[in-house]
Amino acid sequence: MCKSFYLLVLVVLAQIVACDPTAKKIKNPTPFENFEPEKLVIAMTQVLDSLAKDTNKTHYYDTLKTFYKQREYEYVWLEKAKDSLFRLSLNTLYDSVPFEGLKASHYDCAELKDRLEKIKKIRSTNLYNDLALLELKLSNSILLLWHDKVLGRTNPQEVLGAKYTLPYPNKALNLFSVLNTDSIIPKVVHYYPAHPDYWKLKNLLAMRFGETEGSETFIDTAGIRKVKPGDTTYIAPLLARRMVELGMAPDSLIHKTDSSFIYKKITAKYIKEFQRISNVTDDGIIGKSTLKLLNASKNDKLNEIRANIERIRWFSDAPPKPYVMVNIPEFMLYLVYTDSLMAIYQDSLLPVKVCIGEGKEKYFEQKLQRYTKTGKYSDKPQNHETPQIYSTIDYVILNPTWTVPSSIVGREMYSKIVRDPGYLIRNGFQVFDKNVPVNPYNIKWKSYAPGNIPYTIRQDAGDDNSLGKIKFTFKNPFSVYLHDTPLKGKFKLNNRAVSHGCVRVENPIDLAGFILQNNQKLTYDDMLIKVGRAPVNDTARARKWREDTTSYKKIVKGTYPIRLENKMVVFFDYKTIVFNEAGEPRFIFDVYDKNKLIVEALDKP
């Protein structure tokens, strides 16, 4: 009786609750929260096969097949995706992609943010296909982003060709390890290269994103070869307006020049300063290079920042100090010292001016196509770009000889030699046939084609030697080195792309002092004595040299190599944005036009 009564009461209460519209209802699980794992596995294998067939964009679906098979198709993301905080962190990661200089579309950011937003509204009919797409696209997206943040989206040797030989990849990367950690998103978010310019470039990119709106003056010089100060030209007021837009001149310049078509001196003054800080010839003449700089839009500047960030991803780990670095487009060499040597070398560690290779000849690509068809030596275009190399300096060579490259013999010396073999003797050149000296007058030069001369031509050491008094050697596939030069006037130029590819150094003695800092047997003082200069340190040998007027004051006349007891790293970098000590950026002329190639590669699907 008692049991029956209580059962009756429970039934009645249940009916009351069911009829009460204010009572809390039990929520049924959504299809997303109540799926069958076996059916998901089938969907994942089918979706993987479909996604792997896409040849229009970069992806990792082929390798993801192996990854998921090894983990028996255990999903990585679907459980995490239920968490609103996870979805927020993923959205934050995707929102940061453009500020890395990367394109959000390459990582399906918009699509995946949308899928995550609608995750609990997935219908039963599309449940397994939608879950598989979410899981696999998320894995592919994170793998792509992880790779691109750590190593760069592009391969530098594929983008820039054989003349890029800096170490790449610059670190071992276990790509799939990022999917095997509990903190995937934070790991990707918080990774950044160690290079000191990385954050400066990122901040600059963020600042410039807000400057892409607004009109800009475009200067069209169609039909005009060059414009000089004092010329009458329709672009004169446009030049003044562009100087104001770029922050190079005050607003008043527009009012002073707007009614005139004469390219006035006052405008030329600002143009010259603009040319100077951009590292082109600061003569005020509006030529091809200056026009390119003037017409660089705000979007072009954004892309230049993106290209420089990508370079850092390629090569971000600094070598052990001390080392020597050349920034090719800046025409500068930097001596990077250890902290303990800062006080000793602080007076000689200012940037050193250098001259670099003059680049590709005009219409290079068209001429290359012609040469490919004809195979004629005379059709072969010249490329004197200084390569990007990484090596170690092994010798400082005093009074070097110069073995003339065959390309220079054939193109620049051949006609002079044919007319007058005495040209070689007057300019200090010797001719060798398999290391045996040959009289140039005894050679029938006309019987040889310019590109097929079977002799070695070598310039003797001396004041007129093209390598000057000092050469710094290091192994590389291009036979490039650092060296002195008798042509000191070239260092006065703003645009110092004037060599055949080697790097001429304005102050080779200072460079030698830095490089020989750790030598014990043959020291920097020894080198100074051998080139006829006074030693700088207070050592026993230096004191003896000062006291003795004969025994140590012997200048070396012939070629004299000094081996480095501790080889020093040297590398040639290529940065078109540099920062001063205050962190202020300077955009410099892309002398070999490399940024365009990097941006094109970055933007490919």
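What you see below is based on every heavy atom in this structure, not just the backbone, and it leaves out hydrogens, waters and symmetry mates. On a predicted model such as this, the values are computed, not experimentally measured, just so you know.
Looking only at distances, no side-chain donor or acceptor of Tyr423 sits under 3.5 Å from a matching main-chain atom of Ser415. The backbone N or O of Tyr263 sits nowhere less than 3.5 Å from a side-chain atom of Thr267 that would complete a donor-acceptor pair. Arg313 places no side-chain N or O within donor-acceptor distance of the main-chain N or O of Gly152, the cut-off being under 3.5 Å. The backbone N or O of Gln388 sits less than 3.5 Å from a side-chain atom of Thr165, completing a donor-acceptor pair. Asn519 contributes no side-chain N or O that, together with a main-chain N or O of Lys521, makes up a donor-acceptor pair within less than 3.5 Å. No side-chain donor-acceptor contact under 3.5 Å links Asn465 to the backbone of Thr401. Side chain of His384 to backbone of Glu361: no donor-acceptor contact under 3.5 angstrom is found. No donor-acceptor pair under 3.5 Å is formed between the side chain of Asp231 and the backbone N or O of Thr233. With hydrogens and angles ignored, the 3.5 Å screen pairs a side-chain donor or acceptor of Ser391 with a backbone N or O of Lys475. At distances below 3.5 Å, not a single donor-acceptor pair connects side-chain atoms of Asn494 with backbone N or O atoms of Asp283.
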Inset, instruction - Applying side-chain contact (heavy atoms from CB on, under 4.5 Å), run through Phe331 and Ile356 and close with a yes or a no. - result: CA-CA 7 Å; Phe331 314 124; Ile356 64 164; 3.4 Å; yes
Inset, instruction - Test Thr576 against Arg311 for side-chain contact (heavy atoms from CB on, under 4.5 Å), laying out the working first. - result: CA-CA 10 Å; Thr576 61; Arg311 287 190 179 97; 4.3 Å; yes
Legend entry - side-chain contact (heavy atoms from CB on, under 4.5 Å) between Trp445 and Ile453, worked out: CA-CA 8 Å; Trp445 294 100; Ile453 297 173; 3.9 Å; yes
Inset, instruction - Begin from the C-alpha positions of Phe474 and Val324 and carry the test side-chain contact (heavy atoms from CB on, under 4.5 Å) through to its verdict. - result: CA-CA 12 Å; Phe474 39 89; Val324 176; over 6 Å; no
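Counting only N and O atoms by type, the side chains of Thr374 and Asp379 include a donor and acceptor under 3.5 Å apart. Under the 3.5 Å distance criterion, with hydrogens and angles disregarded, no donor-acceptor pair is assigned to the side chains of Asn427 and Gln459.
Taking the charged nitrogens against the carboxylate oxygens, Lys596 and Asp593 do have a contact shorter than 4.0 Å, which makes a salt bridge. Ion pairing of Asp300 with Lys292 is absent here, as no side-chain N (NZ or NE/NH1/NH2) approaches a carboxylate O to less than 4.0 Å. Asp484 has no carboxylate O lying under 4.0 Å from a charged side-chain N of Lys469, or vice versa, which leaves the two without a salt bridge. Ion pairing between a basic and an acidic side chain is recognised when a charged N comes within 4.0 Å of a carboxylate O; Lys163 and Glu385 show no such pairing.
The distance from the CZ atom of Arg496 to the CE atom of Met332 is 5.0 Å, given to the nearest 0.5 Å. Atom CG of Leu294 is separated from atom OG of Ser289 by 11.0 Å, given to the nearest 0.5 angstrom. Atom CD of Glu600 and atom CD1 of Ile598 lie 10.5 Å apart (nearest 0.5 Å). Of the inter-residue distances, the one linking Glu304 atom CD with Ile577 atom CD1 reads 4.5 Å to the nearest 0.5 angstrom. Distance OH/Tyr395 to CG/Leu564: 9.5 Å, rounded to 0.5 Å. With rounding to the nearest 0.5 angstrom, the CG atom of Asn327 is 9.0 Å from the OH atom of Tyr574.
Geometric assessment of Lys301 against the ring of Phe587 yields a positive cation-pi assignment under the 6.0 Å and 45° thresholds. For the pair Arg242 and Tyr270, the NZ or CZ position fails the cation-pi test of under 6.0 Å to the six-membered ring centre and within 45 degrees of the ring normal.
Thr372 has its side chain out of reach of Gln369: every pair of non-hydrogen atoms, C-beta onward, lies at least 4.5 Å apart. Contact annotation: the side chain of Glu310 never approaches that of Val159 to less than 4.5 Å [non-hydrogen atoms, C-beta and beyond]. Counting only heavy atoms from C-beta outward, the side chains of Ile529 and Pro535 approach each other to under 4.5 Å. Here the side chains of Glu412 and His500 are in contact, with some heavy-atom distance below 4.5 Å. Side-chain contact check for Met527 versus Lys530: every heavy-atom pair is 4.5 Å or farther apart. In this structure the side chain of Val536 reaches within 4.5 angstrom of the side chain of Asp525, judged on heavy atoms. Contact of the Lys200 side chain with the Pro585 side chain is not registered, since no non-hydrogen atoms from C-beta on lie closer than 4.5 Å. You'll find the side chain of Ile397 stays beyond 4.5 Å of the side chain of Tyr481, heavy atoms only.
When all heavy atoms of Gly558 and Asn399 are compared, the closest pair comes out as O-ND2, 3.1 Å. The two atoms that bring Cys355 and Ser499 nearest to each other are O-OG, 4.5 Å, heavy atoms only. Across every non-hydrogen atom of Pro381 and Lys367, the tightest pair is CB-CB, 3.8 Å. Residues Val326 and Leu482 share a closest heavy-atom pair of CG2-CD2, 4.2 Å. Across all non-hydrogen atoms, the minimal contact from Trp402 to Ser466 is CZ3-OG, 3.4 Å. Of all heavy-atom pairs between Pro605 and Arg153, the closest is C-NH2, 3.3 Å.
Around atom CZ of Arg586, more than 12 heavy atoms belonging to other residues, nucleotides or ligands sit under 6.0 Å away. At most 12 heavy atoms of other shown residues, nucleotides or ligands fall within 6.0 angstrom of atom CG in Asp463. For Lys288, the NZ atom counts as loosely surrounded, since its 6.0 Å shell holds 12 or fewer non-hydrogen atoms of other residues, nucleotides or ligands. Crowding of Lys353 atom NZ: a count of heavy atoms from other residues, nucleotides or ligands under 6.0 Å exceeding 12. In the displayed structure, Arg225 atom CZ is contacted under 6.0 Å by at most 12 heavy atoms of other residues, nucleotides or ligands. Surrounding CZ of Phe364 are more than 12 heavy atoms belonging to other residues, nucleotides or ligands, all under 6.0 Å away.
The ring of Phe571 has its center closer than 6.0 angstrom to the ring center of Tyr323.
The side chain to side chain contact (heavy atoms under 4.5 Å, CB included) test with Leu597 is passed by exactly one of Leu602, Leu160, Thr154: Leu160. Looking at Ile588, Asp590, Asn495 one by one, the single match for side chain to side chain contact (heavy atoms under 4.5 Å, CB included) with Asn279 turns out to be Ile588.
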